[in-house]
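Contents: one structure, followed by commentary.
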4 protein chains.
Amino acid sequence: MTKAERTRELIITKAAPLFNTKGVAGTSMNDILEVTKLAKGSLYVHFEDKEDLAHAVVDYHLERLGKTVESTLSKAASAHEKLLAYIDLFMDPVNPLLVGGCPMLNFGMESDDTDQVIRKKICLFMDNGVKMICSIIKSGKDKGEFSTDWDAKEFAVKMFATIEGGIMMSRVAGDNKTMKVIARGLKKEIEENTA
Amino acid sequence: MTKAERTRELIITKAAPLFNTKGVAGTSMNDILEVTKLAKGSLYVHFEDKEDLAHAVVDYHLERLGKTVESTLSKAASAHEKLLAYIDLFMDPVNPLLVGGCPMLNFGMESDDTDQVIRKKICLFMDNGVKMICSIIKSGKDKGEFSTDWDAKEFAVKMFATIEGGIMMSRVAGDNKTMKVIARGLKKEIEENTA
Amino acid sequence: MTKAERTRELIITKAAPLFNTKGVAGTSMNDILEVTKLAKGSLYVHFEDKEDLAHAVVDYHLERLGKTVESTLSKAASAHEKLLAYIDLFMDPVNPLLVGGCPMLNFGMESDDTDQVIRKKICLFMDNGVKMICSIIKSGKDKGEFSTDWDAKEFAVKMFATIEGGIMMSRVAGDNKTMKVIARGLKKEIEENTA
Amino acid sequence: MTKAERTRELIITKAAPLFNTKGVAGTSMNDILEVTKLAKGSLYVHFEDKEDLAHAVVDYHLERLGKTVESTLSKAASAHEKLLAYIDLFMDPVNPLLVGGCPMLNFGMESDDTDQVIRKKICLFMDNGVKMICSIIKSGKDKGEFSTDWDAKEFAVKMFATIEGGIMMSRVAGDNKTMKVIARGLKKEIEENTA
DNA sequence: TATGAATGAGCCTTCATTCAT
DNA sequence: TATGAATGAAGGCTCATTCAT
């Protein structure tokens with residue numbers, strides 16, 4: 001890793017919580033200077049402009065989130081356990097995996113009408129997320145864990161949406177009550193389709 | 001309605017789509033000047049500062065949303081129909097009721113870490129939304145429309161969260177496919193609990 | 001006194017301490033609105049503009065100061081007593097006769113390069129002040145209170161300047177020590193010239 | 001001297017006459033931009049805000065004044081000559097040492113109720129000024145130039161105050177007549193105490 | 001005479017960005 | 001690669017003032 005790469009990485013990791021907490025528009029390049037303790041011009045050695053940095057930060061967040069999901073699921077023995085583990089990963093929106101909360105919600109809601117590049121990154125990531133849940137269910141069906149007439153696609157979409165909606169509601173409420181109700185409901189539905 | 005009230009209303013209604021689309025941080029007072037065609041100082045005759053205006057705009061959005069829901073539901077004959085009508089109301093996130101999309105998602109996600117006043121406004125509004133769905137289900141049970149062992153609270157929370165998550169996903173995707181899958185799933189569950 | 005005259009008077013008396021404390025440039029028309037509890041336009045019914053009001057306020061201050069001096073001196077029996085009474089009048093700059101301190105210093109120092117009307121008002125007032133002290137000394141000489149070879153003009157100027165300088169120093173210091181030293185010195189010189 | 005230091009110095013020296021002439025409240029950052037020919041943001045590279053710049057400007061004025069006094073007095077051979085030289089330094093308030101007049105009067109009278117930092121800077125400077133005069137007299141006594149029963153402290157305070165008051169009066173009058181009377185008086189008193 | 005909504009110039013300051021070093 | 005001084009557009013807001021009511 002060259003020095004340039006290390007500095008670039010430093011900027012991204014320090015900027016990430018800021019962008020995810022205050023939004024892209026709400027975060028100034030100065031805010032980032034402050035937390036990185038870098039000099040004024042240094043940011044522009046590594047990033048073309050604020051937009052460029054914002055895109056890198058979104059990538060970073062999604063990558064971290066993706067890796068966390070992946071590593072968690074890899075530890076689960078069965079498809080059934082994988083689904084439960086996935087849900088548990090998002091059970092505590094008040095103390096979220098990533099400072100500032102779910103980047104799909106944060107960047108998705110800020111960018112939908114303002115930054116098509118970010119919007120598409122998140123869109124792609126969510127597609128993959130749904131597909132992953134889908135394939136877990138399918139593999140569970142193959143292995144005889146789940147009833148074969150369970151609609152994998154529909155449940156995957158619903159589970160994804162419900163968790164995101166639950167995260168939003170819990171963060172706005174400032175407590176996890178909503179998330180708990182939702183987790184219970186999803187898990188019940190999983191059990192109903194478990195052979 | 002005095003002249004001042006009319007101007008205040010004008011500012012709010014013109015500013016509302018801007019704030020809901022670009023966010024509070026992403027909207028400048030100049031942007032609002034432009035759409036209202038008012039002079040520089042005039043904004044401050046009616047609002048203390050940008051924050052004050054943002055709060056009024058959030059109130060306006062939530063009020064409009066609330067009234068739309070209310071008037072739609074009032075036209076539905078039964079509890080069963082009310083639930084379906086509620087879902088249908090949010091079926092088209094790409095062409096939303098309010099320009100910019102769902103204000104709960106937009107302002108909720110921007111404010112959760114930055115503006116406690118807005119956060120609380122939305123929290124309260126969502127609480128009421130869930131309670132309303134809850135009471136529709138309960139009255140449906142009373143009238144014999146729904147099976148009595150349906151968990152009203154759980155379904156209300158889940159339905160609310162799922163719709164919000166679905167709106168987010170559809171807006172980020174730029175199409176309503178996700179929302180359709182979700183609507184189908186929710187309606188199926190309603191049918192399963194219809195006597 | 002008509003209503004208009006009463007309102008005009010109200011504005012002047014309420015604005016006076018503000019101007020004398022924060023200066024003309026440092027006082028806004030809004031500040032004055034606040035203390036008078038009048039409506040926006042009302043100020044301009046009675047005064048052409050801020051400058052016009054400032055001039056009226058300066059007049060008011062000088063008039064009040066003049067009357068206070070006059071009434072104090074009128075109670076003194078002899079020329080000798082008058083001089084001492086005059087000095088005593090300015091012995092407590094920390095708690096001054098007029099809120100904000102000596103208007104000659106305040107408005108004089110602000111206006112000398114910026115407002116010729118105010119400058120001249122104060123110049124005239126100071127001239128009269130010096131002349132008054134001068135004529136007291138002269139009448140004291142006539143009555144045999146003071147030695148006839150005392151230079152009335154020189155002492156009057158010096159006394160006036162020293163008191164003003166002492167006021168400045170005491171206000172900046174935030175205590176009256178300097179003023180006490182000065183008063184003692186002036187009184188000693190008066191005694192030295194008392195027959 | 002780095003470039004930053006040079007620019008900082010440039011700003012201070014160009015801003016100094018403006019602040020001393022029109023006051024802090026009466027001088028806008030734009031006024032300073034104009035005389036420095038710098039670009040909008042540049043001021044804030046070197047000063048936190050207007051207040052910060054104002055404080056630097058006050059320091060600059062007092063330093064210049066202090067150095068002028070010092071260098072003038074250092075050229076005087078005796079204590080007696082030093083006192084006369086000091087008085088002569090302030091004999092022409094209409095064409096003052098520093099553009100705008102005496103900074104102690106100008107900033108002192110503006111700040112006494114509004115800016116404690118400036119007030120204290122001036123208070124300290126005046127204290128030192130009085131002390132300096134005091135020590136000149138004392139050393140003059142030691143050397144046998146002045147009569148030993150002359151009250152050094154009292155005269156120092158009086159001389160300082162009288163000169164300041166005289167400056168104020170002369171500037172407001174727009175001519176130096178008052179100052180001349182005062183100088184004559186002070187010098188006479190010095191002679192009376194000269195052995 | 002009094003009101004207060006409206007005006008637009010101007011306030012201080014921050015913004016993202018550039019560039020000579 | 002890193003620096004930090006410099007830029008000027010734009011930020012939110014206040015200013016003195018006007019005018020229809």
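Scope of the values below: all heavy atoms of this structure, side chains included, with no hydrogens, waters or symmetry mates.
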I need the [atom1]-[atom2] distance between [X] and [N], as an integer number of Å.
X     : N      : atom1 : atom2 : value
B:F47 : F:dG12 : CZ    : P     : 15 Å
D:I11 : F:dA5  : CD1   : C1'   : 10 Å
C:E34 : F:dT14 : CD    : P     : 12 Å
A:I32 : E:dA16 : CD1   : P     : 8 Å
C:D52 : F:dA16 : CG    : P     : 15 Å
A:L33 : E:dT17 : CG    : C1'   : 12 Å
B:K37 : E:dT7  : NZ    : P     : 13 Å
A:D31 : E:dC15 : CG    : C1'   : 11 Å

So does [Y] get a backbone contact from the side chain of [X], meaning a donor-acceptor N/O pair under 3.5 Å?
X      : Y      : answer
C:E110 : C:A25  : yes
D:K50  : D:V24  : yes
D:D31  : D:L18  : no
A:R119 : A:D112 : no

What does [X] touch in the nucleic acid at a heavy-atom separation under 4.0 angstrom: a base, only the sugar-phosphate, or nothing?
X     : answer
D:K40 : base
A:L43 : nothing
C:T27 : sugar-phosphate
A:S42 : base

Relative to the 5' end of DNA chain F, which residue comes earlier, A:L38 or B:V24, by the nucleotide with the nearest heavy atom?
A:L38

When you get a sec, tell me which of [options] is the closest nucleotide to the side chain of [X]?
X     : options               : value
B:V45 : F:dA5, E:dA5, E:dT1   : E:dA5
B:M29 : F:dT7, E:dC12, F:dC13 : F:dC13
D:A39 : F:dG8, F:dG12, E:dT17 : F:dG8
D:A4  : F:dA5, E:dA5, E:dC12  : F:dA5

Within the pair [X] and [N], is there a side-chain N or O less than 4.0 Å away from OP1 or OP2?
X     : N      : answer
D:Y44 : E:dT13 : yes
D:N30 : E:dC11 : yes
D:K3  : E:dA20 : no

Considering every strand shown, what is the Watson-Crick or G-U wobble mate of [N] when both distances are under 3.5 Å?
N      : value
F:dA10 : E:dT13
E:dG8  : F:dC15
F:dA20 : E:dT3

Drop me the distance from B:L62's CG to B:L124's CG, to the nearest 0.5 angstrom.
9.5 Å

On DNA chain E, nearest-nucleotide positions of A:D49 versus C:H46: which is more 5'?
C:H46

Which residue lies more 5' along DNA chain E, comparing A:K50 with D:S28 via nearest heavy atoms:
D:S28

When you look at CD of C:E48, are more than 12 heavy atoms from neighbouring residues, nucleotides or ligands closer to it than 6.0 Å?
no

